[in-house]
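Okay, structure first, notes after.
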Number of protein chains: 2
Amino acid sequence: MGKAYDVMAATCPSRTVLHRIGARWTVFVVLALGDGPRRFTQLKTRIEGITPKVLTETLRALEADGLVRRTSLPGNPPGVEYALTDLGRSLGGPMRAVSEWAESHVPEILAARARYADAEA
Amino acid sequence: MGKAYDVMAATCPSRTVLHRIGARWTVFVVLALGDGPRRFTQLKTRIEGITPKVLTETLRALEADGLVRRTSLPGNPPGVEYALTDLGRSLGGPMRAVSEWAESHVPEILAARARYADAEA
DNA sequence: GATACCGGTTACTTCAACGAAACCGGGACG
DNA sequence: CGTCCCGGTTTCGTTGAAGTAACCGGTATC
């Protein structure tokens with residue numbers, strides 16, 4: 001039997017999953033939570049350039065998809081902790097692979113872009 | 001020494017790379033070219049739901065980044081062939097990993113979404 | 001009492017991406 | 001000659017994701 005889901009199929013639910021994964025800030029949040037639970041402010045600091053609004057939205061979306069668990073800490077001072085679920089942790093591998101690919105191929109890509117810009121001028 | 005590029009840094013060029021990788025249709029094109037060169041129409045057929053305009057844009061962007069090579073076939077009938085470059089092929093692994101993750105965790109995620117929708121109602 | 005930190009929320013705006021539809025030249029086919 | 005396929009381009013409109021900025025209650029600190 002073939003696989004149950006196929007991203008090439010127009011109406012396959014895996015497309016919605018891929019869409020969530022590909023959202024602008026998802027990768028950063030998943031990576032930032034890779035070493036363990038973090039507070040909202042820690043995430044905001046670590047992920048440079050993210051605004052609180054977008055961070056909230058991203059965390060909510062990941063929580064809705066079961067990738068992140070949000071826990072209120074009733075201690076003093078009260079706080080909120082975000083952690084990856086097992087499901088979220090299982091996405092960490094592929095995400096790390098993609099971000100490491102990005103980090104390690106920057107020079108080639110910048111060079112290609114420069115070449116392309118030249119060629120069309 | 002630390003790594004040269006860090007996706008967590010606001011101004012790091014790796015962010016632009018990640019942005020390109022995360023673009024809606026990039027993953028589909030890279031995967032569709034994974035088995036070898038393809039014609040424009042073949043890609044359009046294989047990637048269900050993509051419009052010619054968006055396919056053109058995506059291919060141009062990937063070409064600019066040096067991930068895809070565009071070759072005019074002067075034969076008869078004339079045609080155009082798209083193929084991954086070595087760089088593009090090296091991205092295939094991570095991309096396949098992500099898409100396979102998506103395909104294989106659809107049920108869990110749909111269940112989580114349903115649970116979340118219930119919980120907030 | 002004033003100030004600051006935490007973990008957000010709200011309202012408004014902007015902008016790039018995406019999509020729909022029509023159209024195009026060149027060649028092949030009948 | 002009329003029609004079809006290939007590989008796009010062009011125009012227009014939409015939308016939703018993202019950004020800006022201000023604000024909020026509660027707690028603790030000075």
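All chains are named by letter (A, B, ...) in the order of the sequence lines, taking the proteins before the strands, and each is independently numbered beginning at 1. Just the heavy atoms: all of them, side chains too, but no hydrogens, waters or symmetry mates, feed the values below.
- In this structure, the NZ atom of B/Lys44 is 12 Å from the P atom of C/dA20, given to the nearest Å.
- Atom pair B/Leu59:CG and D/dG8:P shows a separation of 8 Å (rounding to whole Å applied).
- The nearest whole Å value for the distance from the CD atom in A/Glu63 to the P atom in C/dG7 is 15 Å.
- For the pair B/Val68/B/Thr85, no side-chain contact is recorded, criterion being any heavy-atom separation below 4.5 Å from C-beta on.
- Between B/Arg38 and D/dG7 there is no side-chain polar atom (N or O) within less than 4.0 angstrom of OP1 or OP2.
- Two residues are said to be in side-chain contact when any heavy atoms from C-beta on lie closer than 4.5 Å; A/Val80 and A/Tyr82 meet this criterion.
- Counting any heavy atom pair closer than 4.0 Å across all strands shown, B/Thr41 reaches sugar-phosphate atoms only and no base atom.
- Side chain of A/Pro52, nearest nucleotide from D/dG19, C/dT9, D/dG8: C/dT9.
- Ring geometry for A/His105 against A/Trp101 counts as parallel: the plane angle stays under 30°, on a 0 to 90° scale with 60° as the upper cut.
- For the pair B/Glu48 CD and C/dG19 P, the computed distance is 14 Å after rounding to whole Å.
- Side-chain contact check for B/Glu48 versus A/Thr11: every heavy-atom pair is 4.5 Å or farther apart.
- A salt bridge is defined here as a Lys NZ or Arg NE, NH1 or NH2 lying under 4.0 Å from an Asp or Glu carboxylate O, and B/Asp118 with B/Arg115 fails to meet this definition.
- Regarding A/Phe40, its CZ atom lies at a distance of 8 Å from the P atom of C/dG7, rounded to whole Å.
- Under the 6.0 Å distance and 45° angle rule, B/Arg60 does not count as a cation-pi partner of A/Tyr116.
- Comparing atom distances between the A/Tyr82 side chain and each of C/dG8, D/dG8, D/dG19 picks out C/dG8 as nearest.
- Going from atom CD of B/Glu81 over to atom P of D/dG8 covers 12 Å, rounded to whole Å.
- C/dC5 atom P lies 16 Å from atom CD of A/Gln42, rounded to whole Å.
- Taking 4.0 angstrom as the limit, B/Arg39 places none of its side-chain polar atoms (N or O) nearer than this to OP1 or OP2 of D/dC5.
- The interatomic distance linking B/Leu43 (CG) with D/dG7 (P) rounds to 10 Å, in whole Å.
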Please enumerate all protein N or O atoms sitting under 3.5 Å from an N or O of nucleotides 16-18 of chain C, with distances to 0.1 Å.
residue : atom : partner : partner atom : Å
C/dC18  : OP1  : B/Arg24 : N            : 3.0
C/dC18  : N4   : B/Lys53 : NZ           : 3.3

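- B/Ile109 is listed as a side-chain neighbour of A/Leu87, based on a closest heavy-atom distance under 4.5 Å.
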